[in-house]
Structure formats: structure tokens, C-alpha cells
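This report concerns only the one structure given below.
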Amino acid sequence: MTNEAPLHNHFIRQIVAEDRASGKHGGAVATRFPPEPNGYLHIGHAKSICLNFGIAEEFGGRCNLRFDDTNPTKEDIEYVESIQQDVRWLGFEWNELRHASDYFEVFYRCAEKLIRDGKAFVCDLSAEEVRAYRGTLTEAGRNSPFRDRSVEENLDLLQRMRAGEFPDGARTVRVKIDMSSGNINLRDPAIYRIRHVEHQNTGNAWCIYPMYDYAHCISDAVEGITHSLCTLEFEDHRPLYEWCLREIDLPNHPELVAGLAERGLGAQPSTPQQIEFSRLNLDFTVMSKRKLMTLVEEKLVDGWDDPRMPTLSGVRRRGFPPRAIRLLCERIGVTKQNSVIEFSVLEGCVREELDANAARRLAVIDPLKLVIDNLPEGHGETLTFSNHPKNEAFGTRAVPFSRELWIEREDFMEVPPKGFHRLVPGGEVRLRGVGIVKCERLEKDADGTVTAVHCSLDAETRPGLAGADRKVKGTIHWVSAAHAVAAEIRLYDRLFNVADPDDDSDGKTYRDHLNPDSKRVVQGWVEPAAAGAAAETAFQFERLGFFVADRYDHSAGKPVFNRAVTLRDSWAKAGKG
RNA sequence: UGGGAGAUCGUCUAACGGUAGGACAACGGACUCUGACUCCGUUUAUCUAGGUUCGAAUCCUAGUCUCCCAGCCA
């Protein structure tokens with residue numbers, strides 16, 4: 001994968017570069033992207049994906065995709081499939097695909113070791129009791145009355161937990177750290193809980209499942225991860241991450257990972273370093289899985305891949321190219337500061353990418369008939385248009401032209417404001433690639449609405465002729481009415497109409513801020529060379545914006561285009577459009 | 001009143017004791033057969049108060065503000 005954006009020398013790059021230079025981890029660099037398969041990936045994940053895969057790639061290391069599937073009550077195979085597809089779509093390929101559940105036996109042996117070492121115990125306290133014993137932010141907690149069970153009893157109980165002798169919630173395994181720690185994560189956290197639930201990967205082999213903090217650090221170590229990159233909210237967990245790795249000491253206890261190799265799961269245990277960075281947030285967007293899930297379940301959007309969703313499958317369907325997402329992730333940098341990226345930065349990345357890489361086409365989304373009266377009835381020609389104004393490699397295409405055209409309704413005004421460069425009664429405008437036409441007369445319906453404009457074409461201004469250079473203030477786009485293909489055009493706008501939909505301090509929630517105009521479907525006309533495009537082909541419809549042929553609904557006979565983003569429009573911005 | 005982290009243009013982000021720079025946004029202009037692209041220009045920032053130093057965004061002291069943590073979630 002290439003990334004032409006200038007690289008930030010951000011703090012994680014610096015740490016990795018220094019570690020490699022100093023020979024830490026034998027100079028190896030290994031990262032992982034560890035999603036929990038309980039939802040679809042979104043742009044926030046893209047930052048982590050680009051960082052983890054990007055760092056590995058830059059430093060000649062490796063990056064695994066690892067499903068953090070330690071909680072079968074929330075996870076689903078649908079998500080593990082979508083996640084793989086999204087990572088690949090973004091442009092990355094993992095070194096190995098792993099699951100935390102691949103290591104369930106390792107976790108279990110580690111728990112036995114901790115018990116034997118007197119570092120863990122089986123606790124019979126209920127969830128409510130544990131909460132009461134934990135203390136508060138300002139008060140120390142108290143030791144569990146089960147904390148001093150003998151090693152033998154603990155080992156027996158652990159084995160019986162695994163054997164399924166106890167109901168859900170009856171017992172947990174907890175590590176012994178410090179119930180008076182100011183860091184609540186260190187107050188004898190649970191590492192195992194009982195859940196008589198089938199697991200999407202291990203079936204009914206287990207009824208005890210490890211907790212995140214415990215499973216994650218061991219998984220990292222097993223995979224030989226050197227730099228374990230995660231988001232800021234795990235900062236407080238780092239002491240626990242380090243405690244587990246230190247007490248378990250995987251690199252010096254190969255018996256704990258025995259059996260993995262036979263299953264094709266190579267293990268070269270490391271002592272990884274956890275490094276935290278801030279999440280990517282976008283304004284006018286919600287990014288929490290819970291809220292995205294609600295939008296889908298309550299049908300406030302048309303599914304996980306609705307083009308208005310910040311999911312990767314959503315932005316894909318919207319027409320945002322993967323390179324634009326990668327550009328965004330590089331452009332925003334990596335720091336530990338909480339931040340909110342303006343949506344315009346994302347749009348800028350999309351425009352930059354598509355301007356360079358999308359072929360141009362003509363399309364009209366709000367049609368008004370234009371008749372060239374001085375062309376004979378039935379007149380037809382085929383014009384040659386270049387596909388890209390600045391890149392000849394895009395080649396040319398044939399565009400049919402005839403006497404009756406569709407133009408954009410907003411490109412004609414009977415009573416124009418000052419500065420209007422388009423068509424007005426008696427005025428002239430250039431028809432893109434055709435020549436200069438003059439508006440001679442109008443047709444109107446009973447309401448006075450203009451139904452057609454009649455023009456005369458100045459034959460001297462056809463391309464290639466001397467008169468073609470004559471200056472006229474505006475150029476408008478068009479399609480031939482007889483040849484254009486009717487198309488469904490989906491015009492998308494931001495899903496929320498406030499910058500911070502998560503802010504509920506005024507009693508309103510994100511649901512109250514949904515933009516009712518976030519999706520508009522119109523019938524328009526596209527030139528034949530657009531209609532026949534393959535699904536997911538992106539075009540610039542000249543003067544309108546960047547559009548993509550819908551991934552699922554588009555066909556040559558029944559074209560469907562989604563608007564990814566408009567063109568920057570200084571006329572509209574001036575309040576004139 | 002506990003623990004952890006962070007404060008630099010509107011928004012991101014650089015600087016690692018030596019000219020506060022870049023990107024995006026905004027605004028103005030040039031160019032233009034896309035009111036796009038491109039190009040040029042302009043505006044705007046070191047949380048506060050002290051201190052150290054020839055020199056402080058950077059070091060020290062004291063504050064202020066913001067974010068995260070009391071799941072048998074991740």
C-alpha cells in the first residue's frame with residue numbers, strides 16, 4: 001500500500017523507531033488490530049487499523065488481525081465476517097488471523113499458575129457483593145472473605161468451574177493485587193466469569209470465559225506483539241496489563257503455550273508494551289457502537305451500510321474511497337489529546353482523492369428542457385469528451401448530443417441575482433463541449449413555471465472553430481434528452497444537524513438531532529457512459545459532485561448513484577445558490 | 001476529598017532550551033469550456049500566575065480547566 005501523504009513523526013512512530021534502533025524485542029516490530037466482533041467497524045476503528053497495520057508495514061514488521069472474542073453473549077459471526085471485509089477494503093492484509101478464543105487453554109493454564117503462585121483465588125461473592133467490597137473512587141475496598149483460600153481448594157474450585165458445576169455468576173476467579181489501590185482496576189479484578197453460553201468459535205467447550213484485561217495481555221504476549229496500541233480509556237489498565245505479564249511470565253514458561261503449535265498457532269512469547277492514543281471523533285457524527293446499533297435496530301437508517309453511517313461499510317457505499325480514509329488517518333496525526341475532527345477534513349480528503357482519480361461524466365439531477373431551435377429536428381452528433389481535465393491517461397469518451405437537452409434547473413433563472421453566470425432570458429452561456437447558446441424564449445405552464453428554454457446555438461463557437469475562444473461568463477452541463485438514461489440519484493447529507501450529537505446536557509439526545517434531510521432521492525438523467533459503469537465506480541458529475549454507482553442497487557439498465565460529496569461551491573457559499 | 005491522562009490558530013497538528021511552522025476551515029484575488037481543480041495572498045494560537053535562563057510552548061512552583069476510571073463489557 002502506498003500513502004503519499006507526508007508522514008507525521010508522531011510519538012508512537014518515535015517510540016517504535018527508538019525501540020527498533022536500540023534492539024528492544026530483538027529489533028522486531030509486531031502489532032495487532034484487536035476488534036471485538038460485536039458490531040461493524042467505523043471510521044474510528046480506521047485510525048487504529050491504519051496505525052497498527054501502518055506501523056508494522058513501515059518498520060518491516062507484522063500485524064495480526066485478532067478477534068477479541070471473550071464475551072460470547074455479545075458477539076456474532078456476522079461481525080467477524082464484516083470486519084475482515086472492511087479491513088481488506090481499507091487496503092490492509094493481516095499477517096495472521098487469530099482469535100482470543102484460540103488461547104482459551106493458555107488462559108486457563110495461566111490461571112492455574114497464578115493460583116499455584118498464590119496470586120489468584122476463586123471468589124464466591126455475588127456481583128453485588130463484589131461491588132460493595134470494591135469501595136469507591138475515594139474509599140479503599142476490602143478484601144474478599146474468600147481471598148485466603150488454600151491453593152488446593154482454589155485449584156479444585158477452578159477445575160469444577162470449568163467442568164460446569166456452578167451456575168452463571170456463582171463464582172469468579174480474581175487476581176490478588178491491592179484492594180486499597182487508587183486505581184480501581186487493581187482492586188483484585190476478576191479474570192474469569194461463568195457463562196453457560198455457546199461460543200461462536202469454541203462451541204460448548206467452555207462455560208468459563210476470561211475477562212478482557214486478562215485475555216488481552218496474554219494474547220499479545222502469545223503472538224509476540226511488541227507494541228500493543230490502544231485508546232486512552234485503557235491507560236488505567238496498563239498497570240494491570242503489566243502485572244499480568246510479569247506474574248505469568250510467558251517467555252519463561254513455554255509449558256503454558258504448549259499445544260498451540262500443533263494447532264498451527266505459532267507462539268513466540270514477548271513482553272509487549274501498551275501505548276495509548278486518542279480516539280478519532282468526528283463532529284456531526286456519533287461513533288459509539290451502542291448508538292450505531294440503535295440507529296440500525298430502530299431503522300433510523302437503512303442498515304449498517306447506510307451511506308450516512310460512519311461505518312466503513314457505510315462510507316464505502318457512500319463512495320468514500322479507502323485511500324481517502326487512509327489519508328484522513330494520516331492527516332489527523334496521533335497524539336494523546338482528546339480531539340474532534342471537523343467533518344470538512346474528511347470531505348476534503350474525499351475530494352482530494354476523487355478529484356485526482358474519478359473520471360468526469362455529465363448528469364442532470366433536476367432537469368429542465370433546453371431546445372436548440374436552430375438545429376434541425378432529429379439532429380444528432382457524437383461528441384468526444386476528455387474523461388479528466390488534468391490527466392490524459394483517463395482517455396476520452398463519446399457523448400451523444402442532439403437538439404433537445406436536459407440542463408440543471410438551477411442553471412436557468414428568469415430573474416437572476418447579481419453575479420449569476422448562467423442562463424438568463426436573452427443571455428448567453430456555454431454548453432459544456434458544445435458551444436455558446438443564447439436564450440431566445442421560454443415555455444411556461446399554467447402556474448408560470450418555466451417548462452422549457454429555447455435557445456439558438458452560435459455555430460461559430462463549436463469546439464475547434466475560431467469562435468470557440470469567445471469568452472462567456474458561464475459554462476453549464478447538460479445531457480441529451482433522447483440518449484440520457486434515467487437514474488435514481490441519492491443525495492446524502494450529514495446524519496445529524498448539530499456538531500455534537502452526543503451532548504445531552506440540554507436534555508436532548510442524538511435521536512433528537514437527526515437531520516430529516518440527510519437523504520433525498522431524486523430521479524435524474526445520466527449520460528450513457530455513466531449508466532453502464534460497474535457498481536462502485538466513482539465519477540465526478542461535472543459541477544455537481546462526486547458520485548458512486550451503488551454497490552448493490554446499480555445496474556446499467558437501472559442506474560443508481562449515491563452522492564459522496566458535493567463539489568466545493570463558492571457561488572452557493574456566497575448565499576447565491 | 002482517590003487514581004490516571006491532557007491543555008498551542010476556528011479544527012487537527014509541529015516544535016524535544018534558540019525565528020511559534022504546517023494542514024483543514026474562513027476570507028480576498030488570479031486562472032478557468034466544471035462558480036471545480038490549481039496558484040497567490042490575508043486573518044487567527046502557546047490555559048493562568050510566578051520563577052530559572054542571554055533566551056521558555058518546552059525546565060521549576062502553584063493554580064485553573066477538560067477527559068477517563070467504581071461491568072462477572074471491551
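Source: prediction; values computed, not measured. Throughout, protein chains are lettered first and strands after them, A, B, ... in sequence-line order, and every chain is numbered starting at 1.
Between the P atom of B:G4 and the CG atom of A:Leu137 lies a distance of 13 Å, rounded to the nearest Å. With rounding to whole Å, A:Asp236 atom CG is found 9 Å from B:A5 atom P.
Across all strands shown, A:Leu567 has heavy atoms under 4.0 Å from base atoms, whether or not it also approaches the sugar-phosphate. Using a 4.0 Å heavy-atom distance criterion, A:Pro239 is classed as making no nucleic acid contact. Residue-level contact check: A:Phe234 touches the bases, meaning some heavy atom is under 4.0 Å from a base atom. Among the heavy atoms of the strands lying under 4.0 Å from A:Pro389 is at least one base atom, whether or not backbone atoms are also near. Heavy atoms of A:His216 sit nowhere under 4.0 angstrom from any nucleic acid atom. A:Ser278 comes within 4.0 angstrom of no nucleic acid atom, judged by non-hydrogen atoms across all strands. Heavy atoms of A:Arg360 sit under 4.0 angstrom from at least one base atom. Residue A:Lys390 is in base contact, counting any heavy-atom pair closer than 4.0 Å across all strands shown.
Judged by ring centres under 5.5 Å apart and planes tilted less than 30 degrees, A:Tyr212 fails to stack against the six-membered base ring of B:A74.
At B:A70, none of the side-chain N or O atoms of A:Arg142 fall inside 4.0 Å of OP1 or OP2 (strictly under the cut-off).
When both distances must be under 3.5 Å, the Watson-Crick or G-U wobble mate of B:A56 does not exist. With both pairing distances under 3.5 Å, B:A5 is matched to B:U66 as a Watson-Crick or G-U wobble pair.
At a threshold of 4.5 Å between non-hydrogen side-chain atoms, the residues A:Tyr214 and A:Cys110 count as touching.
For the pair A:Asn183 and A:Asp355, both in contact range of RNA chain B, the more 5′-proximal nearest nucleotide belongs to A:Asn183.
A cation-pi arrangement is not found for A:Arg432 relative to A:Trp478, the charged atom failing to lie both closer than 6.0 Å to the ring centre and inside a 45° cone about the ring normal.
Ion pairing between a basic and an acidic side chain is recognised when a charged N comes within 4.0 Å of a carboxylate O; A:Arg470 and A:Glu428 show such pairing.
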